[in-house]
There are 2 protein chains.
Amino acid sequence: MANKEVTIKDVAKLAECSPTTVSRVINNSDHPVSKDTAEKVEAAIEKLNFSPNRIAQGLKSDKSNIIGVIVHDICDSYFAQMVKGIEEFISGHEYIVNIYNTSRSVEKELYAVSMLKANRADAVVFAGGALMDKEYEKKMYSIVEQLKGQGTVLLGVTPHPFDINNISLGNKKAAAIIADYLVENGHRKIAFIDGPEKLYTSYLRREGLKESLLKHDLDLEDELIFPGDFSFEGGRKAALKLLDKIDEITAVVGANDATALGLIWELNNQGIKVPSDISVVGIDDLPEAKYSYPPLTTISLPIHQLGTNIGKYLLESLTSDQITDLINIEMQLIKRKSVKKLG
Amino acid sequence: MANKEVTIKDVAKLAECSPTTVSRVINNSDHPVSKDTAEKVEAAIEKLNFSPNRIAQGLKSDKSNIIGVIVHDICDSYFAQMVKGIEEFISGHEYIVNIYNTSRSVEKELYAVSMLKANRADAVVFAGGALMDKEYEKKMYSIVEQLKGQGTVLLGVTPHPFDINNISLGNKKAAAIIADYLVENGHRKIAFIDGPEKLYTSYLRREGLKESLLKHDLDLEDELIFPGDFSFEGGRKAALKLLDKIDEITAVVGANDATALGLIWELNNQGIKVPSDISVVGIDDLPEAKYSYPPLTTISLPIHQLGTNIGKYLLESLTSDQITDLINIEMQLIKRKSVKKLG
DNA sequence: AATTTGATGGAAAACATTTTCCAAAGTCAA
DNA sequence: TTGACTTTGGAAAATGTTTTCCATCAAATT
C-alpha cells in the first residue's frame with residue numbers, strides 16, 4: 001500500500017514547472033531545457049525520492065519491459081544456469097525477467113504464455129517441454145501461435161520447424177562425439193540410459209548415438225537402451241536393471257550427467273568398478289560431474305554461456321533494430337576418468 | 001512489435017456495446033449485464049483473441065502484480081528450491097515473479113530494489129546478502145527504507161531487527177542440534193568449516209555450534225575453525241588444511257552441505273575414511289547429500305516448503321486483508337552414515 | 001523596423017483500462 | 001396514472017506518463 005504515490009505532477013509543482021518539463025529532464029529528451037530548471041527538477045526528484053512509474057510509461061510506450069522465461073525446472077542445474085545467464089544480461093538493462101516453472105506440463109506452459117501475453121511481454125524464452133506426441137504437438141502449435149511476432153526464442157522445442165528463432169542445442173552432435181570417442185577407445189558393446197520418454201531431447205541424444213555408432217558398423221541394440229528420466233534416481237534404477245547384462249557391455253552412456261552420476265553411484269554401490277569393469281559417460285558437464293568416483297567423462301554444453309548469449313541477443317533485438325547473429329555455443333568432450341581404453 | 005493491439009474498444013465495437021460493458025463482463029462486476037449482451041461480448045473476445053492489457057489495468061488499479069524475488073544465486077540448490085516454492089504458489093495466481101540474482105553484491109541488491117520500486121512491485125522477497133559489516137549495514141538500511149510499507153519478506157537478512165517481516169531460518173538451532181548429536185555420540189574435539197566471511201548466516205551457524213558446545217563444557221577452538229565459502233570447492237580446500245590436525249579431531253561440521261560434501265570428497269581422496277577416521281556433518285539436506293560416500297548426516301531445512309509458505313503468505317496478505325500467521329518450517333536431523341559413535 | 005530563428009516551456013491529447021455517475025426503460029404497487 | 005424501484009447501459013473522468021502542437025521571448029538577420 002504505497003502511501004499515495006509520488007507522481008511527476010508533484011515533482012512539477014515543487015520544481016515550479018510543468019509535468020512536460022519534468023518528463024523532458026527524466027528522459028533527457030532532445031527538446032532543450034534550461035540548465036536552471038533542469039537543476040530544480042533534479043532537486044525536486046531527489047527530495048521527493050521520485051521514480052517514474054514504469055507501468056504508466058509502459059502504457060504510453062506499449063512496452064512492458066518484461067521478458068518471460070519458461071523452463072521445465074529451475075532447480076535443475078541445467079536450466080538454473082541458463083536462467084542465470086539470461087538474468088545477468090537482461091536485468092541490468094532495466095528489464096524484468098519473469099520466470100515460469102512448468103514441470104513439463106502443457107497446461108502450465110499454456111498458462112505461462114497467456115500470462116505473458118496479457119502482460120504484453122516484450123520477449124519470451126521458451127525452454128519448455130518438447131514432447132514427441134501428437135496431442136502435445138497440437139497444443140504446442142497453439143502456444144507458438146500466441147508467441148509469434150514477439151521477440152522470442154524457442155529452445156530445441158519440437159521436431160517441427162516454426163518460423164521463430166528455434167535454437168538447436170547440438171544434442172545429436174554431443175552424442176555423436178561420445179560415440180566416436182568410445183569406439184576409438186575400443187568399445188563395441190555400448191548401452192544407453194534414455195531420457196524421459198517422448199522428450200525430444202531424449203530422442204535427439206539417442207538417435208545421435210545410434211546414427212554415429214552405425215557409421216562404425218555398430219548397433220545400439222534395443223535391449224541395451226534402458227529407460228531413464230534425466231534424474232540421479234533414474235540413473236540408479238537403470239544401473240540395477242543393467243546388472244544382468246553387465247558382462248557383455250563395456251560402456252554405457254547416460255542421456256545426461258545426472259543419470260550418469262546416478263549410474264556410477266549405484267554401480268559403486270553394487271561393487272562394480274568404473275571404469276575398470278565398465279565405462280560411463282554423460283552429457284552436460286554439470287558442476288558436480290568432476291566430483292564423482294571416478295570423475296565423469298562428459299560433454300560440456302556451456303549452458304550458462306548460452307543464457308548470456310540469449311540475453312544479449314534479445315537485448316539487441318529489442319533495442320537496436322539491427323539483425324544480430326545466431327546464437328552459438330561450442331561443445332567439448334571433457335575427458336576425465338570414467339572411460340577406460342580397451343585392448 | 002504487436003501488430004496493433006486489440007483493445008477493449010475493438011471488442012465493444014464488434015459486440016455492439018460500450019467499453020464499459022465489456023469491462024463489466026471481463027471482470028464479472030456487480031453491475032448487471034444481460035445474458036444476451038454478455039454472450040455477444042464473450043463471442044467478440046473469443047473472435048478477436050482479446051486479452052485485457054494488464055499494464056493498463058495496473059495503471060488504473062495501482063497494482064503491478066509483480067512480486068520481486070532477490071536472491072544471491074539461483075544456481076545454488078538452496079535458493080533454487082526456495083524460488084521454485086514461491087513460484088509454484090504465486091505464478092498460478094496471476095502474479096509475475098521477477099527474479100534478481102545479486103551474487104551478494106550490494107550494488108546489485110540496490111539496483112534490484114530500485115527496479116522493483118520503479119515497477120511498483122506489489123511485494124518483494126529479499127533473501128539477500130546479510131553481511132555483518134558496518135558499510136554494508138548502512139547500505140542495507142537504505143535498501144530496507146525503500147522496501148518499507150510494501151508487502152515484503154526479509155529472509156534472515158541482517159542482525160538488526162527491521163520492522164518488516166524478517167524471517168529467521170533457525171540457523172542457530174540447526175547448529176545446536178548437531179552439537180548435541182555429536183556430543184551424544186562421544187565426540188569431544190570438533191572442528192568447523194565456516195561459511196563466507198562476514199555473512200550473517202555463517203555467524204549464526206558458527207555461534208550456534210559454539211554456544212551449544214559450551215553447554216556441554218566443550219570449546220569450539222579458534223584454530224579448529226577453518227575458513228570456507230559455502231561451496232564444494234571451499235570444503236575441499238578446508239579438508240586439505242584440516243589434514244594437520246586430523247589426529248586430534250574426531251568430528252567436523254560443515255557450515256552447509258556443499259562444504260561438507262566437498263570435505264568428504266577430498267578426505268576420501270586423501271585416503272581418510274569417513275566416518276571411521278573422522279565424522280562429518282552438514283546443514284541443509286541438499287538432494288545430493290544422500291549420495292556422498294558415505295551418505296551425509298545433516299539437518300534438513302525444508303527450503304522448498306519455506307518458499308511455498310512465503311508464497312502463500314504473500315498471496316494472502318495481498319488479496320485478503322486478514323493478517324496471516326508467521327511462516328514456520330520444521331527442521332530435522334537426518335541421520336545417515338557420516339557420523340560414527342565413539343567409545 | 002520587420003522578420004526570422006532558436007531556445008524554452010506549457011496545454012492537451014493519447015495510451016487501455018476501470019469507475020463513478022447518470023439515463024432510459026420496464027415493472028410494480030398504490 | 002403516478003411514483004418508486006430495478007435492470008441495463010453509456011459518457012466521461014481518472015490513473016501517470018509521453019508526445020504533439022503551440023506560445024512566448026529574446027536574439028539575430030534582413
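Since the structure is predicted, the reported quantities are computational estimates derived from the model, not experimental observations. So that the names make sense, note that chain A is the first sequence line, chain B the second, and so on, each numbered from 1.
Within the 3.5 Å criterion, the main-chain N or O of A/Ala118 finds a donor-acceptor partner in the side chain of A/Arg120. Panel note: side chain A/Tyr111, backbone B/Glu94; a donor-acceptor pair is recorded below 3.5 Å. Checked by atom type and distance alone, the side chain of B/Thr308 never pairs as donor or acceptor with a backbone atom of B/Gly85 at under 3.5 Å.
The side chain of B/Thr21 lies closest to D/dG9 when the candidates are D/dA14, C/dG9, D/dG9.
The interatomic distance linking A/Asn28 (CG) with D/dT18 (P) rounds to 12 Å, in whole Å. Rounded to whole Å, the distance from CD on A/Glu5 to C1' on D/dT17 is 11 Å. Rounded to whole Å, atom P of C/dT17 lies 15 Å from atom CG of B/Asn65. Remark: P of D/dG16 and CG of A/Asn27 are 17 Å apart, rounded to the nearest angstrom. Counting to the nearest Å, the P atom of D/dT17 and the CG atom of A/Asp62 are 18 Å from each other. C/dA23 atom P lies 14 Å from atom NE2 of B/His31, rounded to whole Å. Following rounding to the nearest Å, A/Ile26 (CD1) and D/dG16 (C1') show an atom-to-atom distance of 10 Å. Here the P atom of nucleotide D/dG16 and the NZ atom of B/Lys63 are 13 Å apart, to the nearest Å.
Screening A/Glu109, A/Lys198, A/Arg104 against A/Tyr136 for a side chain to side chain donor-acceptor pair (under 3.5 Å) leaves a single residue, A/Glu109. For the pairing with B/Phe126, the side-chain contact (heavy atoms from CB on, under 4.5 Å) check across B/Leu155, B/Val113, B/Thr102 returns one residue only, B/Val113. A side-chain contact (heavy atoms from CB on, under 4.5 Å) with B/Leu314 holds for exactly one of B/Val125, B/Val124, B/Thr319; it is B/Val125.
Nearest-nucleotide positions on DNA chain C place A/Pro32 closer to the 5' end than the other of A/Thr20 and A/Pro32. Residue-to-nucleotide proximity on DNA chain D shows that, of A/Arg24 and B/Glu16, the 5′-proximal contact is made by B/Glu16.
On a pure distance criterion of 3.5 Å, a polar donor-acceptor pair joins the side chain of B/Lys60 and the base of C/dT18.
Within the helix from C/dA1-D/dT30 to C/dA30-D/dT1, the inter-axis angle between the opening and closing five-pair segments is 60°, rounded to 10°.
Contacts between residues 37-59 of chain B and DNA chain D, defined by a heavy-atom separation under 4.0 Å, are made by B/Thr37, B/Leu59.
The line from CD1 of A/Ile8 to CG of A/Asn53 is 10.5 Å long, rounded to the nearest 0.5 Å. Rounded to the nearest 0.5 angstrom, A/Asn101 CG and A/Ile74 CD1 are separated by 4.5 Å.
Listed by chain and residue number, B/Lys139 satisfy the salt bridge (Lys or Arg N to Asp or Glu O under 4.0 Å) test with B/Glu107 (two or more places apart in sequence, or in another chain).
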